[in-house]
Amino acid sequence: MSRVYNFSAGPAVLPEEVLKEAADEMLDYNGTGMSVMEMSHRSKAYEEIINTAEKDIRELMNIPDNYKVLFLQGGASSQFAMIPMNLMKNKVADFIITGQWAKKAYKEACIYGKANILASSEDKIFTYIPDCSDLPVSEDADYVYICENNTIYGTKYKTLPNTKGKTLVADVSSCFLSEPVDVTKYGIIYGGVQKNVGPAGVTIVIIREDLITEDTLPGTPTMFKYKIHADNKSLYNTPPAYGIYICGKVFKWLKAMGGLSVMKEKNEKKAKILYDYLDQSKLFTGTVVKEDRSIMNVPFVTGNADLDAKFVKEAKAAGFENLKGHRTVGGMRASIYNAMPEEGVVKLVEFMKKFEMENLK
Ligand SMILES: *Cc1c(COP(=O)(O)O)cnc(C)c1O
């Protein structure tokens, strides 16, 4: 068996310890004589799995009691509809557009009400985060929506926008559990877990209780009501049971590592190794303004598409997978999520240095 260094933006690298544990438990989970995949979601064994997962994420993120944690399906993309269906009481929502994911959420919200764009960084291909200190927040906005870490473009909000008292809703798919957050600053924090937490198929929604009401937009499907999932502790219907089990293992792994402040230090250290190299390289350049750089997704280019392609190809042959940039951006992108070891980044930089020597004219 040999594992590569997987820099995929998602689905992405998971901790090896977690994968090994899951492999050990594949045929017989904890003396039940069956795999978690084969288990009733109403069984005692599964109840303990999901309850422990919730308890552990609450502890990791220091989630206050007046927030629910929901384990849902449909990916982050389903939330683009579920959020307006549940929150648009006045049918008004404000958006800050910092990339494709925020834009998609905005477009979806336009189906349900009046969606306003407060600010956008599209003028410079989303290479920065707009100044959000004094935005023209709508008087009657039900919420202000952001995508906190922009997976494709490699930007991250370093300070949250001033929403002037309005509820903040954040898509944190690609920075989930990468650092401590103050949950109380948000109405909803949500993400698909396949970037930094677990296998595709689970969407975690952390939502303040007062936002969970019967009063959804007319026509909202039952499965799209937060209340039904909150009232049934994420067991209204069959949840993505195996995926939640793996997330639970990742939570345990994070706790054993020392929690989110330790993860933040580790992630900052990894990102610094890569950015420091990029900042002095004569071949490669980072594409994002320094102040807004993500510590999870690091896009870079050589400025020559053929050379970019050559780099991706040679990197792959050397065991560095999925470094090709998003199809809409080109160039390269290294996603260096929680489970990417520092050694992977160090070795990538060594490889980049060698490539630079060989290819710099
Ligand atoms: C990947 C991603 C999405 C889309 O997630 P799906 O689970 O595929 O719907 C949305 N937002 C962000 C920030 C992402 O990185």
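In each ligand, atom 1 is the first atom listed, and ligand 1 is the first ligand listed. Count residues from 1 along the sequence. Source: prediction; values computed, not measured.
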Closest non-hydrogen protein atom to atom 9 (O) of ligand 1, residue and atom name please, with distance? S77 OG, 2.6 Å
For ligand 1, which atoms, with element, lie under 4.0 Å from some heavy atom of G75? 7 (O), 9 (O)
When you look at E54 and R58, which way does the salt bridge (Lys or Arg N to Asp or Glu O under 4.0 Å) test go after all the steps? CA-CA 6 Å; E54 179 175 341; R58 282 187 175 278; 2.9 Å; yes
Taking atom NZ as the centre, does K68 end up with more than 12 heavy-atom neighbours from other residues, nucleotides or ligands that are less than 6.0 angstrom away? no
For Y236, is the OH atom crowded, meaning more than 12 foreign heavy atoms sit under 6.0 Å from it? no
Would you say K195 has any N or O atom under 3.5 Å from an N or O of ligand 1, going by distance alone? yes
Name all residues meeting the side-chain hydrogen bond (donor to acceptor under 3.5 Å, both in side chains) criterion together with N232; count only those two or more places apart in sequence or in a different chain, and write none if there are none. none
Have a look at E268 and tell me which of K270, K266, K264 forms a salt bridge (Lys or Arg N to Asp or Glu O under 4.0 Å) with it. K264
Below 3.5 Å, N or O to N or O, backbone or side chain included: is there any such pair between C147 and ligand 1? no
Counting heavy atoms only, which of M296, Q194, K104 is nearest atom 8 (O) of ligand 1? Q194
Enumerate the atoms of ligand 1 whose separation from the nearest heavy atom of T151 is less than 4.0 angstrom. 12 (C), 13 (C), 14 (C), 15 (O)
For F311, enumerate each residue passing the ring-ring contact (aromatic ring centres under 6.0 Å, His included) test, keeping only those at least two apart in sequence or located in another chain. F284, F351, F355
Give the residue and atom name of whichever protein heavy atom lies nearest to atom 11 (N) of ligand 1, and the separation in Å to one decimal. D171 OD2, 2.6 Å
Candidate with minimal heavy-atom separation from atom 5 (O) of ligand 1, of P11, A76, S173, A102: A76
